[in-house]
Number of protein chains: 2
Amino acid sequence: MQIDDVDQRIIASLVADARASYSEIGERVSLSAPAVKRRVDRLRSAGVIRGFTAVVDPAAVGWTTEAFVELYCTGRTTPAQLTVATRRHPEVVGAYTVSGEADALVHLRAADIAHLEQALERLRAEPFVTSTRSMIVLSRLVDSPNIVPAPH
Amino acid sequence: MQIDDVDQRIIASLVADARASYSEIGERVSLSAPAVKRRVDRLRSAGVIRGFTAVVDPAAVGWTTEAFVELYCTGRTTPAQLTVATRRHPEVVGAYTVSGEADALVHLRAADIAHLEQALERLRAEPFVTSTRSMIVLSRLVDSPNIVPAPH
DNA sequence: AATGAAATTTCCTGGGT
DNA sequence: ACCCAGGAAATTTCATT
């Protein structure tokens, strides 16, 4: 699918404020509200825009602990297996296969340290996990959920 | 600030779809649209809801490469220094101080490998960085931007 | 094919109870 | 918290280029 400059600006606008009205966006990109809607619909159905979400302060809703865990897995572990396994754990907010020493990196979010420990144990109990290496998040310095800068 | 069960459900609803109308949300939580709006306004001004954003497929807008980089820093590096430094790099989409061997973990997003390499070099050139350890993301298995499950 | 204008429906948002 | 009402926005239809 082709994304032109106007689409880019519409996307940027929605990333900055997903609840902006079509006419508001239209003003910024010099288009009528219906035209903006049609473009947004097109971008959505093409999968460029996956959805719209609220950015919530995890601490404010009782999730104060966060960690990144490197997973070392047995030889024949497939990404599909990893996907299925990690999705089973509600504490997993991100999971990636990576190059380097580890096979995967998992981003966990939990209510507190006890909860995190419990989640970690559950994760380590997955049959393909041989060992793990954890980094507990002490403070969040930067966290731009899905900010997509203009193309390089 | 006090968050009751209804607030939790409103938040969950907005996380799932930030463009849902107040009446739509009201239906799900058995509240009138004005009541929902008042709660959302309160949650926003309290900082529980930080904002609303579009979830964009980075690949679709030309950002195909991602990496996590562990930063090893000199003894007297403050979180404030790290914040300032990492924010200078547009490729940094996340940065955290962590417990463990490394001092910080940085999440990078770039257009391609060449761009990533360049960003990494720039990051390594920061005066307080003594060494780095990179994990390039091969595939994204799970990525739930700001999904906040019900409290434990 | 994509846009703008108009018309209809739905929604937002203030004040009153 | 709900109901109500005036104004704004969304969304469909239609005509234009």
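Order of the sequence lines sets the chain letters (A, B, ...), proteins ahead of strands, with each chain counted from 1. Quick caveat: nothing in here was measured; it's all calculated off a predicted structure.
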Could you work out, with side-chain contact (heavy atoms from CB on, under 4.5 Å) as the rule, every residue matching Ala46(A), not counting sequence neighbours?
Met1(A), Val48(A)
Hydrophobic clusters join Ile, Leu, Val, Met, Phe, Trp and Tyr when side-chain heavy atoms are under 4.5 Å apart, directly or via other members; which others share one with Val84(B)?
none
Please output the side-chain donor-acceptor pairs of residues 30-38 of chain A that fall under 3.5 Å, not counting sequence neighbours, one pair per line with the distance.
from: Ser32(A); atom 1: OG; to: Ala35(A); atom 2: N; distance (Å): 3.4
from: Lys37(A); atom 1: NZ; to: Asp41(A); atom 2: OD1; distance (Å): 3.4
from: Lys37(A); atom 1: NZ; to: Asp41(A); atom 2: OD2; distance (Å): 2.4

Comparing nearest nucleotides in DNA chain D, the 5'-proximal residue of the pair Tyr22(A), Arg38(A) is Tyr22(A)
Under the rule for side-chain contact (heavy atoms from CB on, under 4.5 Å), what residues qualify as partners of Glu24(A), not counting sequence neighbours?
Ala20(A), Ser21(A), Arg28(A)
Whole Å only: how far is the NZ atom of Lys37(A) from the P atom of dT13(D)?
12 Å
Indicate if Val142(B) and Leu105(A) have the same hydrophobic cluster label, given that clusters are the connected sets of ILVMFWY residues with side-chain heavy-atom separations under 4.5 angstrom.
no
Taking only heavy atoms on the protein side, list every residue of residues 23-36 of chain B lying under 4.0 Å from any atom of DNA chain C, sorted numerically.
Ser23(B), Pro34(B)
Scan for ring-ring contact (aromatic ring centres under 6.0 Å, His included) pairs involving residues 71-114 of chain A, sequence neighbours excluded, and state none if there are none.
Phe68(A)-His107(A), Tyr96(A)-Phe68(B)
Under 4.0 Å from any heavy atom of chain B: name the first and the last nucleotide of DNA chain C that qualifies, 5' to 3'.
dC11(C) to dG15(C)
Besides Leu138(B), the hydrophobic cluster formed by Ile, Leu, Val, Met, Phe, Trp and Tyr side chains linked at under 4.5 Å, directly or via other members, contains none
Rounded to 10°, the angle between the first-five-pair and last-five-pair axes of the helix from dA1(C)-dT17(D) to dT17(C)-dA1(D) is 30°
Under the side-chain contact (heavy atoms from CB on, under 4.5 Å) test, which residues partner Ala104(B), sequence neighbours left out?
Leu71(B), Leu82(B)
Would you say Arg109(A) and Ser144(B) make side-chain contact, with heavy atoms under 4.5 Å?
no
Contacts of type side-chain contact (heavy atoms from CB on, under 4.5 Å), residue Arg44(B), not counting sequence neighbours
Val40(B), Ile49(B), Phe52(B)
Would you mind checking if Glu101(A) and Arg133(A) are paired as a salt bridge, meaning a charged N to carboxylate O distance below 4.0 Å?
no
Side chains of Ser13(A) and Val29(A): does their closest heavy-atom pair fall under 4.5 Å?
no
Looking at CG of Asp143(B) and CG of Asp57(B), how far apart are the two atoms once the value is rounded to the nearest 0.5 Å?
10.5 Å
Residues from residues 39-52 of chain B sitting under 4.0 Å of DNA chain D, heavy atoms only?
Arg39(B)
